[in-house]
Amino acid sequence: MKQRVSALLRETLQRDVALEKPKDRSFGHFATPIAFSLAKELRKSPMAIAQELADSFGEHPHFSAVESVAGYINLRLSEAFLDEYASWALTDPKAFASAQKNGSILLEFVSANPTGPLHIGHARGAVYGDTLLRLGRHLGYDITAEYYVNDAGNQIDLLGTSLQLEGRSALLGETVEWPEKYYRGEYLTDLSKEVQAVFGDEALRDESRQKELALWAKDKILALIVADLKAINVHFDTFVGEASLYDEWDRVMAKMGNGVYVSEGKTFIRSSGLGDDHDRVVVRDDGRPTYLAGDIIYHNQKFERCYDHYINIWGADHHGYIARVKAAVSFLGYDAQKLEVQLSQMVSLLKDGEPFKMSKRAGTVIQMGDVVEEIGADALRFMFASKKCDTALEFDIEELKKQDSSNPIYYIQYAHARIQTLIAKSELTLETIMATKLHGLSADADGLLFEALLLPEIIDDAFESRQVQKLPDYLKALAAKLHKFYYDTRIIGTDDEAKLLKLLLVVALSLKTGLSLLGIDAKDRM
RNA sequence: GCGUCCUUAGCUCAGUUGGAUAGAGCAAUGCCCUUCUAAGGCAUCGGUCAGAGGUUCGAAUCCUCUAGGGCGUACCA
C-alpha cells in the first residue's frame, strides 16, 4: 500500500518523497515533511511549498483529501482505494503480504555444539533466526536454513571423557577424579546408561574408546537438539558437520595463498591487516587445527555453493570472530561484504533477583525444553521475537515461568478468536460479505482497516532491517485496535454488519498471517 | 588499556532513512459484564530519553567527550 502511494507521489511531484505515519490519525493516513527539506532549496517557507504541492494533486481517485498543515502534507486515502485494496487482499491473501524479492540466502543459525541439550540462551538465536527465515521466505527470497555442527575438536573429546566418568560414577559406583572441565547433567546419565546397555560396562572404563563413544553420543545429542527445535517450530534444511570438512583442508589452504603463513611450526592467518587485533593461529604446532580452521573451510564451502548473500546468527560472545572469518573469506577470493553477521546478545538470567550463572559444564543450565514445558512454545517464541536482538536481555526465571494470561500472545490470539466467533455467528455468507463495498466507515473503522492493511510494509521492514520485533509490535497494536473496536461497536444484527465483517476479515487475515510468520498458529476459539 | 554492543516510566521493552504532544505491557489506584467471549474496554498515576557539548528550521534518533553496564580481547568453543 505504501509502495503504491509513494510511487504515485513520485509521479506527481517528480521526486522521491519520505512517507510517514502521522502521529495523530485525524491528520490523514500518510504524511510527508518534504516541504521542510525543500525550503532551503526553493527559498520559500515550508508552509507555502506544502500548500503548492498539495494543490498540485487536484482531484485524485486514490485520495479523498490532500492538505497542507503547518508545513506537512497530509494525505487521506479514499474509501474506494481502501476497499479495492482490501478486496484484493481477501481474494489473494498470499499476494497481499508477499513481495517478489529475488536472491538466494544461506542463513546459518543456532549451530550449538552437540554436547548437550539447548539452553535458554540458544532459544533466542533460534527464534530470531527462524523468524527471519519465515519473513524472508514470505517476501520471496530463496533461503536455506543451515546448522553447523561442531563435531570435532576439544569439546568432542571432553564429551567422551565426561560420558565415561559419569557412567563409572553413577552406574558402576566407582570413585572417579573429575577433571577441571567436564559436562554433566541428566542427559549424560541417560546416555551413559545407554552406553552400558549397548556397549557394556567395559566401554565405560576403556579410555581408548572415548572417541568412539563421543562420536556415537553426539549423534544422539544432535537428535535431542533437533527434537527441541521441532517443539518450537524451528526446522533446518541442511546440517554441515565440521569433521566432514577437513578433507578439503589442503585445497583450502592453497586457495588462501599468502593469507596464511607458517611461523614457529604453527600456521597463522594474516587477519591483522583486516580489522583484527593480531594474526590468529589456525593450526597448532602439534598439527591440531583450531576452532577457526573449521570455520575457514566451512565458509569456503558456503561460498563455493554460490549464494547471493550469507547471514550468520551468532551469540554476541563470538563477535570478535567476525573480523577473522571475514578476513578468511577475502583471502579465499570472495566478497566479504556478502557475509552478514547478526549478533544475538546474551540472555542473562536472574533467580529471585540474584544473578543466576549458567554453565553447561557445571550442569546449571536452564534447558530450553523445560521452559517450553512451563510456558509453551508460542509464548516462548513471542517473547524472544518481541525483543530486538542487539540488547542484552535479563529476566527472572520465576517471572518467565509465571507468564500466563499476562503474556501478549493471548491478547493477540483473543483478538483473532473474537473475529472468528463473529463470522461464525453471522448469518451472512462469505460471498455476501466479500461483495460488500467498504464505504461510510467511521473514523475508528477506517483506522482499524488502515492498520490491518499495513502488514506488508511491516513484514518488509522487519526483514530488511533485520529487526523482527517490529512484527510482534505491530500485531499488538492491531489487536489493541480490534479489542477497542469490538467493545465500542455492535456488529451482528446491524445495518453495517456486512461491511464491518469484511473489515474484520482483513484484520483477521493480517493477524493470522503475522502470527504464522512468528511460527505461531492463530486460534479460532479461546 | 583496546575493540564492540548497550543505557528511554518503579519493572520489561517499543520508538519508523532526524519530524507534529516520547509510547505499550506489567505493577499501583478507580470504574465498566441484563448488551456479539471481561484472556476485554475506559480513566488516573508514572519521564532531566545516563550526563555534557555540537550539527540542524527540528535530535531519544547523527557527531564528540564523560559516566555506568554486558561481551570480546586464547594455540576454548
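Each chain gets a letter, A, B and so on, in the order the sequences are listed, and its residues count up from 1. Only a predicted model underlies this, so the values are computations on that prediction, with no experimental measurement involved.
Pair assignment for B/rA50: B/rU66, on the basis of Watson-Crick or G-U wobble contacts that are both within less than 3.5 Å.
A/His318 contributes no side-chain N or O that forms a donor-acceptor pair with the base of B/rG72 under 3.5 Å.
If you check every strand for non-hydrogen atoms under 4.0 Å, A/Thr290 touches sugar and phosphate atoms only. Using a 4.0 Å heavy-atom cutoff across all strands shown, A/Ala31 reaches at least one base atom of the nucleic acid. Using a 4.0 Å heavy-atom distance criterion, A/Arg288 is classed as making no nucleic acid contact. Within the nucleic acid shown, A/Thr489 comes within 4.0 Å of at least one base atom, counting heavy atoms only.
Contacts with RNA chain B (heavy atom under 4.0 Å) in residues 447-483 of chain A: A/Gln469, A/Asp473, A/His483, listed by number.
Taking the side chain of A/Arg280 as heavy atoms from C-beta on, and the options B/rC71, B/rU73, B/rA77, the nearest nucleotide is B/rU73.
Looking only at side-chain heavy atoms (C-beta outward), A/Tyr148 and A/His299 stay at 4.5 Å or farther from each other.
Comparing A/Ile491 and A/Lys387 by the nucleotide of RNA chain B that holds the closest heavy atom to each, the one mapping nearer the 5' end is A/Lys387.
Heavy-atom minimum distance, A/Gln301 versus A/Val240: NE2-CG1, 4.2 Å. In this structure, A/Gly315 and A/Leu343 approach most closely via the heavy-atom pair O-CD2, 3.8 Å.
For the pair A/Asp496 and A/Lys499, the salt-bridge criterion is met [side-chain N within less than 4.0 Å of a carboxylate O]. Using a 4.0 Å cut-off between charged nitrogen and carboxylate oxygen, A/Glu340 and A/Arg466 count as a salt-bridge pair. Between A/Lys484 and A/Asp444, none of the side-chain N atoms (NZ, or NE/NH1/NH2) sits under 4.0 Å from a carboxylate O, so this pair counts as no salt bridge.
Separating the C1' atom of B/rA28 from that of B/rA22 is a span of 22 Å, rounded to the nearest Å.
Base orientation at B/rC42 is anti, since its O4'-C1' glycosidic dihedral falls outside 90° of 0.
Checking the phosphate oxygens (OP1, OP2) of B/rA38, a side-chain nitrogen or oxygen of A/Arg418 falls inside 4.0 Å. At B/rG41, one or more side-chain N or O atoms of A/Tyr411 fall inside 4.0 Å of OP1 or OP2 (strictly under the cut-off).
The aromatic ring of A/Tyr487 does not sit over the base of B/rG41, since the test of centres under 5.5 Å and planes under 30° is not met.
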